[in-house]
**Student:** 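My structure is below; once you've seen it, I'll send some questions.
Since the model is a prediction, treat every value here as computed from it, not as a measurement. Residue numbers start at 1 and run along the sequence shown. All values below come from the heavy atoms of this structure, side chains included, with hydrogens, waters and symmetry mates left out.
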Amino acid sequence: MKKLFISFIAGISIAASATTPVYLDDSKPIEDRVEDALSRMTLREKINIIHAQSKFSAPGVPRLGIPELWCTDGPMGVRPEVLWDEWDQARWTNDSCTAFPSLTALAATWNPEMAELYGKSIGAEARFRNKSVLLGPGINIYRTPLNGRNFEYMGEDPYLTSQMVVPYVQGVQSNGVAACVKHFALNNNEINRHTSNPIVDDRTLYEIYLPGYKAAAQEGEAWSFMGGYNLFRGEHASYNPILMNQILKGEWGWDGAVISDWGAVHDTRTAVTGGLDMEFGSWTNGLTNGQSNAYDNYFLANPYYNGIMDGTYSTDELDDKVRRVLRLTFRTSMNRNKPYGAMGSDEHVAACREIGGEGVVLLQNRNNLLPLNLDKIKKIAVIGENAIKMMTVGGGSSSLKARYEITPLDGLRKRVGDDAEITYARGYVGDPSGEYNGVVTGQDLNDSRSPEELQAEALKAAAEADVVLFFGGLNKSNHQDCEDTDRETMDLPYGQNELIKALAAVNPNIAVINISGTGVSMPWTDNVASILQAWYLGNETGNTLADILTGDVNPSGKLPYTYYASLDQVGAHKLGEYPGHPSIDALGNEVMDIPYNEGVFVGYRFIDKNKLKPTFPFGHGLSYTDFTYGTATIDKTEGTADDTFTVTIPVTNTGSREGKETVQLYISDLKASVDRPVKELKGFKKVSLKPGETATVSFEIGRDALSFFDADKHEWVCEPGKFEALVGASSADIRSKINFKIK
């Protein structure tokens with residue numbers, strides 16, 4: 001009789017023969033392990049592994065020692081633990097995380113190195129908490145500034161998004177934790193998100209809304225994707241055969257697992273055939289489905305099992321799903337070589353502060369009001385609710401239980417110390433609450449004073465100060481930067497626009513620090529000296545902003561989206577199809593059809609096409625120093641579509657302090673058979689220069705940078721003709737141009 005031994009995998013003991021099964025041997029190729037495990041599984045075990053057993057976990061295969069697969073929100077920090085079957089907090093005392101800056105802030109760094117640092121740091125926290133899948137990053141394109149979830153995404157441009165998502169994904173997965181790239185695809189609004197049916201032509205789909213996902217799948221090699229709540233061409237995104245089967249798994253050859261958004265599955269048949277691999281959250285309000293185990297009644301659970309048993313479905317789709325889930329499991333929870341991870345470490349705190357510092361954007365700086373000259377300034381008036389309000393709690397699934405959070409006022413007081421007197425006035429009351437889904441900040445911001453009393457106090461403080469710092473913007477309440485609701489207007493809430501103008505009238509030395517994840521209207525730009533776009537910066541918010549305001553850090557962020565003057569400058573609104581109109585789908589369900597009438601002309605593409613002047617253009621961002629661009633040169637002025645052209649340009653720091661500049665390359669097709677954008681971002685590089693130092697920045701231009709998607713041929717096409725390379729500091733600040741020709 002063969003001798004038996006016991007193998008311990010993730011705390012589960014199994015009896016095995018003297019020969020270790022291939023699936024347990026991580027020295028074997030992963031595909032061999034997948035096939036070996038698949039061959040040993042029963043039909044019931046296969047069904048179990050593709051749907052949830054709790055709010056955030058799938059069961060694995062206990063009999064074979066294949067462990068559970070645990071997921072966690074989200075893209076900006078690891079979510080606190082909730083109860084097994086409910087959204088209520090588990091009330092652990094050791095699940096406080098590092099809250100990192102919003103992904104909009106990351107995109108504003110225009111620095112792939114910061115994206116890798118972000119991914120490594122947040123992945124290490126997920127690993128420490130023994131999570132297999134991090135539900136992020138989100139990379140939906142900003143189609144409208146009203147989208148409540150913009151703060152979770154990476155801006156309006158597909159090229160910028162592509163360059164930033166790849167190192168983020170790779171950083172996360174270096175910890176043995178899967179990135180789950182979301183929400184694939186076209187989840188561009190939160191209002192009516194469960195019934196939205198975007199109507200998008202193929203060219204727009206491939207040129208604007210898919211490139212970031214393609215880069216994440218092919219270059220980043222992301223191990224999982226999450227489908228959206230929305231529909232596409234009449235079918236839900238989480239099991240849309242065009243998105244999942246034809247494009248993601250077919251054209252892109254991706255081998256990962258598709259995970260549904262929580263509650264995004266509505267039908268067994270289409271979930272089986274449409275490319276979904278794992279179903280989560282189909283009943284997200286506890287066990288109210290009337291069964292002892294509601295998870296058995298998920299669409300991919302008993303209904304699927306019974307359908308196979310009665311011949312409705314074959315096992316072909318099931319085996320493909322199981323292969324993908326096993327592949328995900330072997331890469332994560334059964335990866336014995338992954339690091340241990342870390343939670344709330346000094347390194348993560350430093351990463352939070354560094355990423356935030358590179359992401360803050362100096363939009364305006366008249367009379368060089370910033371950085372604050374503490375040798376001359378003796379009294380600073382800090383005004384605004386956002387100077388004292390903690391922002392890590394709220395906003396939907398990105399809400400975090402942060403280990404700590406430093407407010408702007410506290411950070412500034414710590415940095416300024418005795419160098420200047422700081423007075424604080426509230427100015428307005430917005431959202432005094434500090435709780436979301438059972439996580440509380442501990443702040444009580446209730447204030448019984450009238451708006452008139454608050455404004456009078458603020459005006460008095462401003463009139464008596466040398467400098468006014470107004471901390472305002474949005475928060476993570478409903479109808480602001482928040483999941484499941486869109487904003488109702490671009491205006492700042494709580495009467496802030498009027499308050500800012502009144503403050504500027506009594507003291508023109510005013511800097512507005514706008515804390516938000518998306519653009520707001522700024523009718524007061526001519527009234528104020530300086531403007532900072534400050535985002536949500538996580539744990540280190542106060543220290544990060546103090547670094548920028550005092551000049552300890554020279555701002556180098558650039559806008560990842562256009563700062564519109566009004567909604568009339570937004571194609572989605574100007575063309576009158578946001579948030580769509582009611583329609584009836586083929587099954588008789590009411591949906592919201594949303595024609596994307598602007599086509600490829602999203603963001604600065606729409607601005608350029610219509611010769612509009614936004615408040616601040618895409619790619620804009622100032623510094624406390626100055627950069628001078630030389631003349632761009634190109635290695636050849638003529639070639640074929642398969643050639644590579646190299647454009648170089650010298651950039652010099654002509655100011656008095658060290659700083660970083662992001663040099664941007666745009667390409668213009670001067671004559672095309674289709675209506676192409678005036679120019680499109682096709683390259684960028686961030687360089688750090690000391691005063692007087694010059695760097696020569698180079699860009700390589702290949703077929704990808706010159707092509708458009710031909711929907712009739714279903715392929716990318718580079719037409720012969722004249723092109724122009726434009727190099728500059730923003731989409732509206734082009735410093736040098738050079739022509740070349742494709743034969």
Side-chain angles (χ1 to χ4, degrees), residues 7-12 14 16-17 19-42 45-51 57-71 119-120 123-124 126-127 130-135 166 169-181 213-226 244-245 248-259 275-278 315-341:
S7 176
F8 292 88
I9 304 295
I12 301 170
I14 61 171
S17 68
T19 302
T20 302
V22 170
Y23 72 89
L24 290 178
D25 186 352
D26 55 12
S27 69
K28 299 291 186 181
I30 196 166
E31 294 308 311
D32 292 351
R33 300 178 67 198
V34 166
E35 293 305 320
D36 183 53
L38 182 68
S39 70
R40 299 169 187 267
M41 294 172 65
T42 66
E45 287 170 339
K46 291 178 181 180
I47 290 292
N48 287 348
I49 205 172
I50 64 170
H51 68 80
S57 71
V61 189
R63 181 181 65 87
L64 297 178
I66 297 174
E68 298 170 332
L69 199 70
W70 280 86
C71 304
K120 282 184 176 180
R127 168 65 190 101
N130 205 27
K131 306 302 181 184
S132 303
V133 181
L134 180 76
L135 303 175
V166 169
V169 167
Q170 292 172 336
V172 170
Q173 294 185 170
S174 68
N175 293 279
V177 175
C180 187
V181 186
Y213 292 104
K214 183 179 182 181
Q218 293 189 331
E219 298 173 49
E221 298 182 339
W223 295 335
S224 63
F225 265 48
M226 179 188 287
M244 300 304 178
N245 291 335
L248 178 61
K249 298 178 179 179
E251 294 176 14
W252 298 348
W254 182 72
D255 69 357
V258 172
I259 297 174
L276 177 66
D277 299 313
M278 298 191 78
T315 58
D316 292 344
E317 294 93 349
L318 175 61
D319 284 349
D320 181 67
K321 298 177 195 301
V322 174
R323 284 187 179 96
R324 292 174 181 275
V325 175
L326 287 171
R327 202 175 286 131
L328 176 63
T329 302
F330 293 148
R331 287 166 169 167
T332 59
S333 61
M334 289 187 74
N335 176 2
R336 302 180 198 177
N337 299 316
K338 58 191 175 186
Y340 291 107

**Student:** Are there more than 12 heavy atoms of other residues, nucleotides or ligands under 6.0 Å from atom CD of Glu221?
**Tutor:**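 No, the 6.0 Å shell around CD holds no more than 12 heavy atoms from other groups.
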**Student:** Looking only at non-hydrogen atoms, find the nearest pair between Ser174 and Lys120 and report the distance.
**Tutor:**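 So the minimum-distance heavy-atom pair works out to OG-CG, 3.8 Å.
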**Student:** Does any non-hydrogen side-chain atom of Val325 lie less than 4.5 Å from one of Met278?
**Tutor:**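 Heavy-atom side-chain distance check passes, below 4.5 Å.
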**Student:** Distance-only, no hydrogens or angles: does the Gln218 side chain make a donor-acceptor pair with backbone N or O of Ala215 under 3.5 Å?
**Tutor:**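 A pair under 3.5 Å: no.
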**Student:** Nearest 0.5 angstrom please: Asp32 CG to Phe330 CZ, how far?
**Tutor:**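 Asp32 atom CG to Phe330 atom CZ measures 10.5 Å (nearest 0.5 Å).
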**Student:** Work out which heavy atom in Gly60 is nearest to a heavy atom in Ile49; give both atom names and the distance.
**Tutor:**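 In this case the closest contact between Gly60 and Ile49 is CA-CG1, 4.2 Å.
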**Student:** Side chains of Lys131 and Thr332: does their closest heavy-atom pair fall under 4.5 Å?
**Tutor:**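 Sidechains of Thr332 and Lys131: no contact.
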**Student:** Between Arg323 and Glu31, is there a salt bridge with N-O shorter than 4.0 Å?
**Tutor:**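 Here Glu31 does not pair with Arg323 in a salt bridge, since their nearest N and O are not under 4.0 Å apart.
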**Student:** Are the side chains of Ile47 and Leu318 in touch, meaning some heavy atoms are under 4.5 Å apart?
**Tutor:**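 Side-chain contact under 4.5 Å: yes.
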**Student:** Can you tell me how far the SG atom of Cys71 sits from the CG atom of Leu135, to the nearest 0.5 Å?
**Tutor:**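 Output value for this atom pair is 5.0 Å.
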**Student:** Side chain to side chain contact (heavy atoms under 4.5 Å, CB included) between Met244 and Leu276: does it pass, once the steps are laid out?
**Tutor:** CA-CA 7 Å; Met244 300 304 178; Leu276 177 66; over 6 Å; no
**Student:** Which heavy atom of Ile259 sits nearest a heavy atom of Cys180, and at what distance?
**Tutor:**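 Nearest pair, atom of Ile259 first, then Cys180: CD1-SG, 4.2 Å.
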**Student:** Supply the atom-to-atom distance Leu326 CG to Ile66 CD1, rounded to the nearest 0.5 angstrom.
**Tutor:**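 Reported value, rounded in 0.5 Å steps: 5.5 Å.
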**Student:** Looking only at heavy atoms, what is the nearest atom pair of Ser224 and Leu328, with distance?
**Tutor:**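 Closest heavy-atom pair between Ser224 and Leu328: CB-CD1, 4.4 Å.
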**Student:** Working to the nearest 0.5 Å, report the span between CG of Leu69 and OG of Ser57.
**Tutor:**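 Leu69 atom CG to Ser57 atom OG measures 8.5 Å (nearest 0.5 Å).
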**Student:** Is it the case that over 12 heavy atoms from other parts of the model lie below 6.0 angstrom from the NZ atom of Lys28?
**Tutor:**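 Counting neighbours around NZ of Lys28, 12 or fewer heavy atoms of other residues, nucleotides or ligands fall under 6.0 Å, so no.
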**Student:** Would you indicate whether the side-chain heavy atoms of Tyr213 and Val181 approach each other to under 4.5 Å?
**Tutor:**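 Val181 vs Tyr213: side chains touch.
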**Student:** Which atom pair, heavy atoms only, marks the closest approach of Leu248 to Ala217?
**Tutor:**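 Scanning both residues completely, I find the closest heavy atoms to be CD1-CB, 4.2 Å.
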**Student:** Give the intermediate values and the outcome of salt bridge (Lys or Arg N to Asp or Glu O under 4.0 Å) for residues Asp319 and Arg324.
**Tutor:** CA-CA 9 Å; Asp319 284 349; Arg324 292 174 181 275; over 6 Å; no
**Student:** Find out whether Lys338 and Asn175 are in side-chain contact, i.e. whether some heavy atom of one side chain is under 4.5 Å from a heavy atom of the other.
**Tutor:**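 Result no, sub-4.5 Å side-chain heavy-atom pair not found.
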**Student:** Measure the spacing between OG of Ser27 and CG of Asn337 and express it to the nearest 0.5 Å.
**Tutor:**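 Rounded to the nearest 0.5 Å, the OG-CG separation comes to 10.0 Å.
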**Student:** Can a donor-acceptor pair be found between the side chains of Glu68 and Trp70 at a distance below 3.5 Å?
**Tutor:**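 Yes - a donor-acceptor pair under 3.5 Å links their side chains.
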**Student:** Any chance you could measure Lys46, atom NZ, to Thr315, atom OG1, to the nearest 0.5 Å?
**Tutor:**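 One gets 6.0 Å once the value is rounded to the nearest 0.5 Å.
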**Student:** Listed by chain and number, what are the side chain to side chain donor-acceptor pair (under 3.5 Å) partners of Arg127, not counting sequence neighbours?
**Tutor:**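 For Arg127 there are no side chain to side chain donor-acceptor pair (under 3.5 Å) partners, ignoring immediate neighbours.
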**Student:** With a 4.5 Å cut-off on side-chain heavy atoms, are Met41 and Leu64 touching?
**Tutor:**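 Yes; the side chains approach each other to less than 4.5 Å.
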**Student:** Using every non-hydrogen atom in the two residues, find where Gln173 and Trp223 come nearest and quote the distance to one decimal.
**Tutor:**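 So the minimum-distance heavy-atom pair works out to OE1-N, 2.8 Å.
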**Student:** Heavy-atom distance under 4.5 Å between the side chains of Asp36 and Pro21, does that happen here?
**Tutor:**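 Contact flag for Asp36/Pro21 side chains = yes.
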**Student:** Salt bridge between Asp277 and Lys249, side-chain N to carboxylate O under 4.0 Å?
**Tutor:**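 Yes, this pair counts.
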**Student:** For Trp254 and Phe225, I'd like to know if the aromatic rings sit close, meaning centre-to-centre distance below 6.0 Å.
**Tutor:**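 When the ring centroids of Trp254 and Phe225 are compared, they turn out to be within the sub-6.0 Å range.
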**Student:** Is the shortest distance from a Lys or Arg side-chain nitrogen in Asp25 or Arg33 to a carboxylate oxygen in the other one below 4.0 Å?
**Tutor:**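 No salt bridge links Asp25 with Arg33.
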